[in-house]
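Numbers restart at 1 for each chain; the letters A, B, ... are given by sequence-line order, proteins then strands. The analysis underlying the following values was restricted to heavy atoms, covering all of them including side chains, and did not include hydrogens, waters or symmetry mates.
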There are 2 protein chains.
Amino acid sequence: MGNQVQESKALDGGATFADDELVRSGRDADVTRRALVRAARRRFATEGYRATTVRHIAADAGVNVALISRYFGSKEGLFEACMNRTVDELDPQTRARASSVDEVIARLLTHVVEAPNADDPLQLLLLLRSSGDENADAIRRRTLERFTEQLAAAAGWNADVPASQPLLLRAQMAIALMLGLVMLRTATEVQPLASASADQLTEPLERVLRVLLDTTEK
Amino acid sequence: MGNQVQESKALDGGATFADDELVRSGRDADVTRRALVRAARRRFATEGYRATTVRHIAADAGVNVALISRYFGSKEGLFEACMNRTVDELDPQTRARASSVDEVIARLLTHVVEAPNADDPLQLLLLLRSSGDENADAIRRRTLERFTEQLAAAAGWNADVPASQPLLLRAQMAIALMLGLVMLRTATEVQPLASASADQLTEPLERVLRVLLDTTEK
DNA sequence: GAGACAAGTAAACGATCGTTGACATAGGTA
DNA sequence: TACCTATGTCAACGATCGTTTACTTGTCTC
């Protein structure tokens with residue numbers, strides 16, 4: 001057989017992310033742009049960069065495919081916009097100087113395990129899923145490194161050296177732990193981790209993260 | 001612009017996995033099959049299922065594309081063969097009983113950071129990447145849960161309760177850390193983690209893993 | 001209300017994907 | 001030697017991808 005499935009049929013295949021809120025009532029380019037980024041982030045996070053098609057994204061957002069090229073230049077540009085928005089939302093929380101390592105850790109845990117917003121963990125997945133696309137991966141890599149520096153800076157608030165390489169490494173280990181955790185919980189859905197409550201996770205995670213990030217601890 | 005890049009040119013784009021060893025001298029279907037699985041595993045692990053093309057795999061293995069359909073039915077069939085082989089190779093090592101937590105940790109570190117065989121970490125990536133295929137993901141999930149139980153049993157060798165759920169959770173956190181680490185090091189290639197030496201990683205990782213797995217420690 | 005410009009759509013293009021059927025060739029068998 | 005089957009190659013097919021061009025439609029200003 002060939003690649004089958006008519007192009008028209010392909011769009012209703014799989015769960016169609018109906019973009020409930022953020023209805024585009026009138027003609028507003030900004031609203032449309034946000035709707036596209038919103039739809040794209042969910043697709044990219046859950047299905048990966050290469051597997052998501054611009055036609056799916058446009059259908060989720062309820063607009064024509066051509067608008068992606070018009071507003072973001074290309075699929076790659078839309079992906080970069082998604083990453084930038086994720087960083088922007090992650091930034092104020094990591095940038096805000098913490099008064100203690102405990103506060104940094106608490107902030108991380110809030111994002112990953114408590115997850116007040118259901119889309120929060122998906123944003124992290126966006127940082128982990130490699131695409132196979134060379135430029136998209138470069139964007140991802142650069143974003144992760146920026147995130148690392150901010151986390152290390154926040155953790156080393158009381159360290160004498162501002163950003164030693166061992167600290168950067170430990171910060172990235174913390175990130176690796178959190179990313180792997182989200183991956184196993186939401187994508188692979190391995191048990192009992194996937195259905196574990198936040199209470200069960202916070203205590204051991206706190207201890208581990210303190211070992212990695214606390215520069216004062218022996 | 002369009003999708004650019006001539007089809008003939010595309011094949012030498014990116015790092016071409018020259019399949020050094022396992023040269024197919026004569027005409028041997030078994031040897032060819034193994035060469036294909038070998039090349040496919042590296043591509044699938046580093047670039048993901050969707051981003052890997054059968055033409056790349058065939059080029060890596062040094063054979064014609066048509067043989068993939070002939071020997072494995074389809075790209076999906078080849079992926080399933082890769083998974084089966086990975087499970088077969090991972091099983092005996094996790095099944096072997098460890099005598100102490102330190103030994104378990106040492107074993108984990110050997111697999112992930114020291115990596116005597118360059119393909120070892122890539123096998124782990126195969127367990128993490130979702131394919132979109134329902135059956136493949138089920139196999140993946142079941143394998144991870146089995147791996148968790150064996151790791152928890154090995155870690156709790158001196159604990160009074162054999163396999164408490166908190167221990168299972170901590171074991172899966174350890175797995176999450178290792179998988180995230182391999183992901184960031186080999187797929188995303190984020191710095192400085194990707195180019196860090198084994199020496200730089202073992203010390204902090206040992207401490208973290210002991211916190212997670214050592215049931216005697218306070 | 002008429003025009004103008006932005007916002008959105010429809011249809012198509014070229015490229016690449018996975019797959020296939022017809023053909024070539026090596027190596028063992030009669 | 002002549003043949004025959006397993007093994008491998010080649011060229012093409014249909015589908016789908018991201019992108020672009022030409023067009024339509026809404027909305028605001030004068």
[X] [atom1] to [N] [atom2], straight-line distance once rounded to whole Å:
X        : N       : atom1 : atom2 : value
Ile68(B) : dG18(C) : CD1   : C1'   : 9 Å
Lys75(A) : dA15(C) : NZ    : P     : 19 Å
Leu36(A) : dT19(D) : CG    : P     : 13 Å
Phe79(A) : dT19(D) : CZ    : P     : 14 Å
Arg50(B) : dC17(C) : CZ    : C1'   : 10 Å
Glu47(A) : dC17(D) : CD    : C1'   : 15 Å
Phe72(A) : dT20(D) : CZ    : C1'   : 18 Å
Leu67(A) : dT19(D) : CG    : P     : 14 Å

- Item | Arg185(A) bridged to Glu189(A) by N-O distance under 4.0 Å |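 Salt bridge flag = no for Glu189(A) with Arg185(A).
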- Message: Salt bridge check, Asp60(B) against Arg42(B): does any charged N sit closer than 4.0 Å to a carboxylate O?
- Response: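 Looking at Arg42(B) and Asp60(B), the cut-off is not met.
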- All side chain to side chain donor-acceptor pair (under 3.5 Å) counterparts of Asp199(A), not counting sequence neighbours: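 Not a single residue meets the side chain to side chain donor-acceptor pair (under 3.5 Å) criterion with Asp199(A).
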- Query: Do Thr188(B) and Arg140(A) have side-chain N/O donor and acceptor atoms under 3.5 Å apart?
  - Reply: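 Result is no, nothing qualifies.
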- Between Thr148(A) and Gln172(A), a side-chain donor and acceptor under 3.5 Å: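 The answer is yes; a qualifying pair exists.
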- Among dT19(D), dT9(D), dC17(C), which nucleotide sits nearest the side chain of Thr53(B)?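 Nucleotide nearest to Thr53(B)'s side chain: dC17(C).
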- Message: So Tyr71(B), base contact, sugar-phosphate only, or nothing? Heavy-atom distance under 4.0 Å.
- Response: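 Sugar-phosphate, backbone atoms only, no base.
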- Query: Quick one: are Tyr49(B) and Lys75(B) in side-chain contact, heavy atoms under 4.5 Å?
  - Reply: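 Yes, at least one pair of side-chain atoms sits under 4.5 Å.
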- For Asn64(A) and Ala29(B), take the nucleotide of DNA chain D holding the closest heavy atom to each; which residue's nucleotide lies nearer the 5' end?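 It is Ala29(B), whose closest nucleotide lies nearer the 5' terminus.
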- Message: Go nucleotide by nucleotide along DNA chain D from the 5' end; which of Ala51(A) and Ala66(A) gets its closest nucleotide reached first?
- Response: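 Here Ala51(A) is the residue nearer the 5' end.
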- Item | Contact under 4.0 Å: Thr32(B) side-chain N or O vs dT7(D) OP1/OP2 |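 For dT7(D), neither OP1 nor OP2 has a side-chain N or O of Thr32(B) closer than 4.0 Å.
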Please write out the pairs of protein N or O atoms and N or O atoms of nucleotides 23-26 of chain D separated by less than 3.5 Å, giving the distance to one decimal.
from, atom 1, to, atom 2, distance (Å)
dT25(D), O2, Arg27(A), NH1, 3.0
dT25(D), O2, Arg27(A), NH2, 3.0

- Please assess Glu145(B) against Arg141(B) for the test salt bridge (charged side-chain N to carboxylate O under 4.0 Å, His left out), listing each intermediate value before the final yes or no. CA-CA 6 Å; Glu145(B) 287 167 4; Arg141(B) 181 167 38 245; 5.1 Å; no
